[in-house]
Structure formats: structure tokens, C-alpha cells
Amino acid sequence: MSKKIYYLIVSMFFMTVLSNMAHPVTPELVVSLNMSSFMYGVMFAAMSIASFTMSPIWGSLSDKYRTRKRFLYFPMIGYGLAQIGFGFSTSPIIIIIFRIIGGGFASSVFTNAIAYIVDETNRNNRSKAIAYYTALSGFGASLGYLVGGYIGASDYHNAFIFQSIGLIMHAIIIYFFLPESDVKFDSKEKKSTHFIFEIKDDFRKYMPTALGTLLMLVLLTSFSQTAYTTGINYFLKKYLNLNPLQIGYYMAITGIVGMIANVYLTPRVSSKYGEKKALKYVLLATGITLIILSMMKNLLSPIAITIFFIFIFVISMFKPLIQTMVSNLSKNEHGKIMGLQSSANSVGMVGGSLFAGALLDIYPKVTFVVAAVVFILSYLIMIYSRRLNPSS
């Protein structure tokens, strides 16, 4: 991999540390303002709706202007300012507005980070680069939980202040030190409509193809993963009465396991069996282990802990595998295609967060069972989809 890729991956590691610092204290914000679990889901969904809308737009803009870097540092500043507004708001309406603004800006960063990697890799080394990116980003997210939980343990506002200042400072560092990627974009096809109105046409164009099936899988797996992550955060706070720091420790452990899985296991499995075959069995194993965990009463037993670590291993692996499959079909419109992938991911996040929020106060374990079933459904789609057959 090139030095540019390493610079980008390290940069996104710090980005994910900062962007996840508010997560362990958000349940504290919800509880302190006497909001329901459904409001917790709505806040997450608002951010995801903005991401769904803006991801293809940011991706197309970075293609059009042939720069990923600009669409990394500038939106990062906007995201940092939005998080301050979110953390210090007390009105549900104002909170949702800031979540929409934050989601819109954050979507540019994550969409164009993947597009940057695709710009600088080929089909031979792309899977490894995306696996490393996912590994360090996952570990960064978990470290962000830990740092945010520690800083916000006495007052959750502190985590938002630190996060906002950190995001703005990091944007400045990216501006000065991150090299621009080699953006490949074929602008020969002139379109009569504005690119904003092309998004619906792009989805219609790709849905009957293998890429469309992959986008559907992105949506379904995003639904399941979001239902799980939203559910587990609220479950740990509401039913196990863990404080933000303890939630941070939990997430740090899962992040370390996920990083090991993606650094050492995902590239080897992908190289030996191919992304498609590896993804099928990762989805099946994720669904089965999550169902078993949902049915167990004693989650601290040796068997439960063993199954839990298997679950964390496999749930960490599906995203780089599916991102690699999508990116291999992107040709010379990397920003647009990765934007469509982020958009599909956001739809799943909306559904997963609202679904979890609606059930957590009533039937908390059902959230995890349904998430597991959708993972298994995704496996079945891969088994029976003709579009994903290489011979078709």
C-alpha cells in the first residue's frame, strides 16, 4: 500500500476516536432530560437520514471537483460545531436539528475516506487496504467510547466540548498534511440534469444489477448492526445501570477484538476464499451467534463469553468484505458509488435505530433477535441471488 493510504488510515483512526466520543454519554443525555428510548432512536435516525441524503451528493461533488481532501477537512469542521449544539441542547426539536446537521457533514468524511482508498488501490490490494482501514477505524471508535466515557463521567457536556475542539483541530491537520488522492473520474458523459437529481436515477440504474444487490445487502446489514449497537448502548445503561466509563470499557474490548479480526483474519480469509464466499459465512455466523447470545440468561458464563468473542470477531469482518465488493464495481466513479453505498447504509441505520428505540423499553431482547434474523436473511440473499453469480 502507498504512503497516502497509510496517512489516510491514520487520519481516519483519529477521526473515529473523536466522532465516537459522544456515544457513551448520549444515553446519559437522554436519561437526564427524561426522554424515552424511542427519542434515543429518533436522534440516531435523524443523523442517518441526513447521511442518506448527503452521501451521494458529497461523493459526486468530490468526483466533479477531483478532490477528496477538501471534502474531508471542511465537513469535519461543520460536524464539530454541530456536536457542540447537540450536546448543550435541551429541546428535542433543537437536538434533532443539530443531529441532522451533524449527520450531513459527517457523511462526507466517511464517504470520501473510502473513495480515497479506492482511488489509491487496485483490485489486488484493495481488500487489504479496506480491512486495515476498518480495523483501525473500529478500534478508534472503541477508543473514542472509552475516552468519551472517561471525560464525560462526571458531566456529559465535557465529552462534547473535547470532541468538538478535537474535530476542528484534526481538520486543520488534514488540510496541511494529508496528500490529495489521484481522483479518477470520467467526465465525458454530460448529463442534462443537475447531479443532485441524478441520485434517484442512479439507484434505478443499479438496482437490477449485482451492485444493486450489494446495496441491498449494505442496507440490511446496516439495519442489523445499528439495531445491535443502538440496543446494546441503551441496554447497558438502562438495564445493567452501567455508567459512561463502564460502557467505554465494554466498547474498547470489542474494538480490540474487531481490530485483530480485520488486521489478521479478514485479509487472509478474503485472499483464500474470495470476498463473496467469505462474506456469506461471516453473515451466517454473525446471525447464529447473536441469536444464541439473545437467548442466554447468564451472559457472564464461560460459554456465553466464548460465543460473545466469536460474535465480535465475525460482526467486525462483514463491512470491509462488502465494501470491497462494492468498490470493485465502481469503475471510474468512486465517489458516486461509495456515496450510494453510504446512502444505503444510512437507510439501514435509520430503520435499525428507530426499530431498536421503539422496542428497548418494552422487549429489549427482541431487538437483538430480529437483528440476528436479518443477518441470516442477508446470507440467504447471497446464496440465492443470481446477480452475484460470477458467471451471470
Side-chain angles (χ1 to χ4, degrees), residues 1-13 16 110 113-143 210 213-214 217-218 221-222 224-225 228 251-290 292-293 305-330 334 338 341 345 375-376 378-383 385 388-390:
M1 294 187 296
S2 67
K3 287 185 178 180
K4 288 183 180 181
I5 295 294
Y6 286 113
Y7 289 152
L8 186 278
I9 290 175
V10 171
S11 173
M12 290 305 297
F13 165 75
T16 51
F110 294 106
I114 291 291
Y116 189 110
I117 291 174
V118 178
D119 290 338
E120 295 295 324
T121 56
N122 54 44
R123 295 176 71 97
N124 295 326
N125 61 3
R126 187 168 296 156
S127 178
K128 181 178 180 181
I130 292 178
Y132 281 11
Y133 164 79
T134 305
L136 273 183
S137 295
F139 179 63
S142 300
L143 188 59
T213 303
L214 288 175
L217 289 174
V218 169
T221 54
S222 173
S224 291
Q225 186 178 39
Y228 164 73
M251 295 307 297
I253 292 171
T254 62
I256 292 170
V257 174
M259 182 178 68
I260 294 171
N262 279 315
V263 169
Y264 293 104
L265 196 56
T266 304
R268 289 167 173 78
V269 171
S270 176
S271 176
K272 185 174 182 179
Y273 300 105
E275 287 87 9
K276 179 186 172 184
K277 190 172 183 179
L279 179 61
K280 284 192 297 186
Y281 294 111
V282 162
L283 292 174
L284 180 61
T286 303
I288 291 173
T289 51
L290 184 54
I292 294 172
L293 287 171
I305 292 173
T306 301
I307 295 173
F308 170 76
F309 276 106
I310 295 172
F311 166 71
I312 296 301
F313 257 97
V314 290
I315 198 174
S316 303
M317 294 172 63
F318 82 83
K319 186 165 284 188
L321 292 170
I322 200 167
Q323 284 177 335
T324 301
M325 291 178 69
V326 171
S327 67
N328 286 339
L329 298 175
S330 64
H334 301 156
M338 301 320 292
Q341 184 218 226
N345 183 67
F375 272 123
I376 295 173
S378 301
Y379 160 77
L380 293 174
I381 290 174
M382 291 203 71
I383 290 290
S385 173
L388 294 179
N389 191 322

Shortest non-hydrogen contact from [X] toward [Y]:
X    : Y    : result
L214 : I322 : O-CD1, 4.0 Å
A285 : V314 : CB-CG1, 3.9 Å
I9   : A129 : CD1-O, 3.9 Å

How long is the span from the [atom1] atom in [X] to the [atom2] atom in [Y], to the nearest 0.5 Å?
X    : Y    : atom1 : atom2 : value
I381 : L217 : CD1   : CG    : 5.5 Å
N345 : M338 : CG    : CE    : 10.0 Å
Y132 : N262 : OH    : CG    : 10.5 Å
L8   : S2   : CG    : OG    : 9.0 Å
L380 : L284 : CG    : CG    : 8.0 Å
I288 : F311 : CD1   : CZ    : 13.0 Å

* To do: Give the C-alpha distance, both sets of side-chain angles, the deciding distance and a yes or no for side-chain hydrogen bond (donor to acceptor under 3.5 Å, both in side chains) between S270 and S127.
  => CA-CA 7 Å; S270 176; S127 178; 3.0 Å; yes

- [ ] Begin from the C-alpha positions of Y281 and Y273 and carry the test side-chain contact (heavy atoms from CB on, under 4.5 Å) through to its verdict.
- [x] CA-CA 11 Å; Y281 294 111; Y273 300 105; over 6 Å; no

Can you find a heavy atom in the side chain of [X] that is under 4.5 Å from one in the side chain of [Y]?
X    : Y    : answer
L265 : I260 : no
S224 : T221 : no
I315 : Y228 : yes
R126 : N328 : yes
I253 : F309 : yes
L283 : I376 : no
L279 : Y379 : no

Quick check against the 3.5 Å criterion: does [X] have a side-chain atom that pairs as donor or acceptor with the backbone of [Y]?
X    : Y    : answer
N125 : N122 : yes
S137 : Y133 : yes
T289 : T286 : yes
T16  : F13  : yes
S271 : P267 : no

The complete set of side chain to side chain donor-acceptor pair (under 3.5 Å) pairs with one or both residues in residues 307-327, sequence neighbours excluded, reads Q225-K319

Those residues at least two apart in sequence (or on a different chain) that pass salt bridge (charged side-chain N to carboxylate O under 4.0 Å, His left out) with K128 are none

Between K280 and I383, does the side-chain contact (heavy atoms from CB on, under 4.5 Å) criterion hold? Intermediate values first, please. CA-CA 7 Å; K280 284 192 297 186; I383 290 290; 3.7 Å; yes

